[in-house]
Amino acid sequence: MNKFTSEMVDNYANKLLFNLTEDENKLVLDEFEVIDKTIDLINEIEGLNELEPMTHTLDDFEVDLREDIPEESIKVEDALKNAGATEGREIEVPKVVD
Amino acid sequence: MINKSITEIHDALASNKITSEELIKESLEKSHEIQEKYNAFVTIIDDAKKGNNTESLVSGIPFGVKDNFSTKGILSTGSSHTLKNYVPIFTATAVQKLLDSGAVMVNKTVLDEFGLGGTGTTGHTGIVLNPWDKTRMCAGSSAGSACAVASGVYPYALGSDTGDSIRKPAAYCGIVGYKPTYGMISRFGMFPFASSLDHVGVLTRSVEDAAIVVDAMKGKDPNDMTSWDSNHIHLKDAITGNVKGKKLFYIKELCDINNYTNPNEELIKHLQNFQDTLKICQNLGIEVAEESINQNILNAINSVYTVISCAEATSNLSNLTGIIYGPRSNAKNINEMMIDYRTKGFSPLIKRRLVIGSYVLQQENQERYFKNAQKLRRLIVNIMKEFFTKYDGLILPVGCGPAKKLDGKTEQLSKEANALEEHLQIGNFGGFPSITIPNGFVSNLPVGVNITGACYDDENILNIAYALESAMEYKGQIAKEVE
């Protein structure tokens with residue numbers, strides 16, 4: 001049995017809120033196989049398990065936290081400028097709860 | 001005049017031989033001509049106006065901006081259908097710094113959708129053609145910026161670089177592409193793709209121009225917590241051309257033609273040309289040494305990149321719902337609206353990358369895929385940092401030759417590892433400063449060489465690139481269509 005199935009791929013796509021065509025699904029399956037084989041090679045590299053996963057690009061990464069003082073944010077009318085439908089100061093969406 | 005260097009144009013402005021208005025007019029006319037031929041732009045800003053006069057060398061001079069930078073009041077699409085009508089309410093810091101210096105933005109350039117591609121073929125406005133040969137790609141994702149600068153529309157355009165998105169298109173178009181150390185330029189307002197790999201940079205026709213533009217853009221930004229204070233770094237002042245005693249290394253496994261099964265003629269010539277470039281380095285007084293890296297590690301570079309970048313992209317693109325911005329769907333309920341918007345809006349490539357990202361982030365898969373990729377990223381970075389204690393930089397050919405043919409293939413992960421094609425991603429893994437300059441021609445088309453160094457050592461890397469550029473004959477070249 002294949003490790004990766006088209007149902008599995010569709011399931012992931014649905015979680016990401018889009019649909020795939022059959023051709024797109026097939027391409028994802030092919031790419032999963034490619035990545036999986038390379039990961040097998042990666043797992044054979046000596047000393048890998050002793051390393052910490054690299055999550056930040058710079059080792060000396062420092063964050064200066066600003067004072068907790070309210071700052072001016074964007075205006076409501078600006079925030080609404082790119083929304084497809086608005087009503088007053090709000091973005092309009094279809095009714096969610098009956 | 002618009003196809004000259006920044007300092008030449010600046011001098012002409014200072015001596016009143018030309019005005020900024022005349023430069024803008026020339027750049028806009030050229031933009032329309034290039035758009036007709038190569039499809040490099042999403043937007044041409046026909047009503048671009050002269051900015052404030054400042055002391056900056058970029059004052060009064062037109063420039064281009066990749067369309068994944070937010071520009072207030074100007075369409076900014078990321079070359080995606082999902083944002084085809086998006087007009088930001090603020091301007092990216094990097095762009096704003098140039099505008100504050102008096103530079104004049106004249107167009108927004110095409111990219112591979114959201115930067116997730118390397119061909120210049122997946123933007124929502126169509127394929128960008130290579131100005132040297134319209135049957136070939138510009139590479140990507142900064143395809144439009146590379147095309148425009150190579151065509152002489154202006155001296156520079158902004159790019160972003162997550163894997164090689166500035167440095168490979170620069171090579172394919174015969175120009176300079178520079179991404180500085182991670183965080184030297186603020187990413188605020190640049191559409192995020194993979195935040196731990198994303199860099200802002202520039203495409204120019206000379207190393208000096210790259211230094212001038214990054215000097216104008218760099219600096220700590222309270223809106224980007226990964227940016228840092230670079231007030232002590234003065235790139236233009238650092239490029240003296242004095243490189244005697246500098247040390248470079250190259251990686252044997254990537255540069256030895258005997259390592260390739262059935263190499264094609266372009267690869268053979270590209271690697272021969274690279275060896276000629278090494279001789280020029282030696283003639284400049286630079287020591288050049290050969291080093292070796294485990295082939296399995298080199299072969300895994302692209303998988304590390306794919307796993308990490310797709311995982312980060314899955315998170316970064318989750319805000320695209322079509323509700324707050326983007327073309328709204330007419331579906332009946334909010335869930336169907338988002339599905340309809342994302343299904344129709346994303347290109348097939350983006351969807352494939354996001355599914356991979358989601359898969360590797362699932363709890364049951366994280367250790368095998370995502371964590372192991374992050375561990376190998378650290379191993380590769382550690383290896384490079386060790387080399388950088390002995391050498392000023394790594395020098396390597398860019399890609400496997402000149403620009404590839406546009407053959408209509410989808411941008412699919414290859415079953416065969418090709419580290420020569422992908423090694424620039426190392427620069428993103430470690431946040432290293434990295435610059436590509438043109439170093440010759442293969443099949444009458446430009447090819448490039450890349451120099452990458454230790455973090456924060458940008459002055460040194462640019463100086464070496466400047467010396468090498470000065471010893472060759474490709475500085476400032478403008479693309480000429482070949483048969």
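Residue numbers begin at 1 in each chain, while the letters A, B, ... track the order of the sequences.
- Take B:Ser309 and apply the side chain to side chain contact (heavy atoms under 4.5 Å, CB included) test, not counting sequence neighbours, and it matches B:Phe193, B:Ala194, B:Leu197, B:Tyr305.
- Both the backbone and the side chain of A:Thr55 come within contact range of chain B, each with at least one heavy atom under 4.5 Å from a heavy atom of that chain.
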Practice prompt. Quick one: do B:Arg368 and A:Asp36 satisfy side chain to side chain contact (heavy atoms under 4.5 Å, CB included)? Show the steps, please.
Written response: CA-CA 9 Å; B:Arg368 173 170 165 76; A:Asp36 207 45; 2.9 Å; yes
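- With a 4.5 angstrom heavy-atom cutoff, B:Asp224 does not touch chain A via any of its atoms.
- Smallest separation of non-hydrogen atoms from B:Arg328 and A:Ile91: NH2-CG2, 3.5 Å.
- In this structure, CG on A:Leu41 lies 5.5 Å from CG on B:Asn296, to the nearest 0.5 angstrom.
- With a 4.5 angstrom heavy-atom cutoff, B:Lys72 does not touch chain A via any of its atoms.
- Interface remark: B:Asn372 contributes backbone and side-chain atoms alike to the contact with chain A (heavy atom separation under 4.5 Å).
- Residues A:Asp60 and B:Tyr456 meet the side-chain proximity criterion, which asks for heavy atoms closer than 4.5 Å.
- Between chain B and the residues A:Ile45, A:Thr86, A:Asp23, the most heavy-atom pairs under 4.5 angstrom are made by A:Ile45.
- Proximity to chain A (any heavy atom under 4.5 Å) is shown, for B:Glu336, by neither the backbone nor the side chain.
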Fill in: Step-by-step side chain to side chain contact (heavy atoms under 4.5 Å, CB included) determination, A:Asp59 to B:Lys385
CA-CA 11 Å; A:Asp59 292 335; B:Lys385 284 184 174 173; 2.4 Å; yes
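- Contact of B:Asn382 with chain A is made through the side chain alone, with heavy-atom distances under 4.5 Å.
- Here the shortest heavy-atom pairing between A:Asn19 and B:Lys351 reads O-NZ, 3.5 Å.
- Rounded to the nearest 0.5 Å, atoms CZ (B:Arg352) and CG (A:Asn25) are 11.5 Å apart.
- No part of B:Ser195 comes within reach of chain A, as not one of its non-hydrogen atoms sits under 4.5 angstrom from that chain.
- For B:Phe346, the part sitting under 4.5 Å from any heavy atom of chain A is the side chain, from C-beta outward, and nothing else.
- Options A:Glu92, A:Lys75, A:Glu50 differ in how many heavy-atom pairs under 4.5 Å they form with chain B, and the most are formed by A:Glu92.
- Taken to the nearest 0.5 Å, the NE2 atom of A:His56 stands 10.5 Å off from the OG1 atom of B:Thr226.
- Here A:Pro53 is the residue among A:Pro94, A:Pro53, A:Ala85 with the most heavy-atom pairs under 4.5 Å with chain B.
- The main-chain N or O of B:Ile324 is never found under 3.5 Å from a side-chain atom of A:Asn82 such that the two would form a donor-acceptor pair.
- Only the backbone of B:Asn85 comes within less than 4.5 Å of a heavy atom of chain A; no side-chain atom from C-beta onward does.
- Looking at B:Leu317, neither its backbone nor its side chain comes within 4.5 Å of chain A, counting heavy atoms on both sides.
- For A:Glu87, the CD atom is loosely surrounded, since the number of other residues' heavy atoms within 6.0 Å does not exceed 12.
- Only the backbone of B:Lys332 has a heavy atom closer than 4.5 Å to any heavy atom of chain A.
- Contacts of residues 8-18 of chain A with chain B at a heavy-atom distance below 4.5 Å involve A:Met8, A:Val9, A:Tyr12, A:Ala13, A:Lys15, A:Leu16, A:Leu17, A:Phe18, listed in sequence order.
- In terms of heavy-atom pairs under 4.5 Å with chain A, the best-connected choice from B:Met338, B:Met337, B:Gln362 is B:Gln362.
- How far CG of B:Leu376 is from OG1 of A:Thr38: 11.0 Å, rounded to the nearest 0.5 Å.
- B:Ser196 contributes no side-chain N or O that, together with a main-chain N or O of A:Thr57, makes up a donor-acceptor pair within less than 3.5 Å.
- For A:Glu71, the salt bridge (Lys or Arg N to Asp or Glu O under 4.0 Å) partners at least two apart in sequence or on another chain are A:Arg66.
- With a threshold of 4.5 angstrom between heavy atoms, B:Tyr341 does not approach chain A through any atom at all.
- Note that CG of B:Asn294 and CD of A:Glu46 are 9.0 Å apart. Values are rounded to the nearest 0.5 Å.
- Between B:Val307 and A:Ile35 the shortest heavy-atom distance is CG2-CG2, 4.0 Å.
- B:Arg378 touches chain A through backbone and side chain together, each having a heavy atom under 4.5 Å away.
- Within a 6.0 Å sphere centred on CG of B:Asn330, heavy atoms belonging to other residues, nucleotides or ligands number 12 at most.
- Counting all heavy atoms, side chain and backbone alike, A:Leu58 lies closest to B:Tyr182 at CD1-O, 3.4 Å.
- What you find for B:Lys375 and A:Leu48 is that their closest heavy atoms are CD-O, 3.5 Å.
- Between the CD atom in B:Gln374 and the CG atom in A:Leu51 there is a gap of 12.0 Å [rounded to 0.5 Å].
- Residue B:Glu364 qualifies as enclosed at atom CD: its count of foreign heavy atoms under 6.0 Å is above 12.
- Annotation: side chain to side chain contact (heavy atoms under 4.5 Å, CB included) contacts of B:Ile89 (sequence neighbours excluded): A:Ile74, A:Asp78, A:Lys81.
- Contacts of B:Val381 with chain A are made by side-chain atoms alone, with heavy-atom separations under 4.5 Å and no backbone atom involved.
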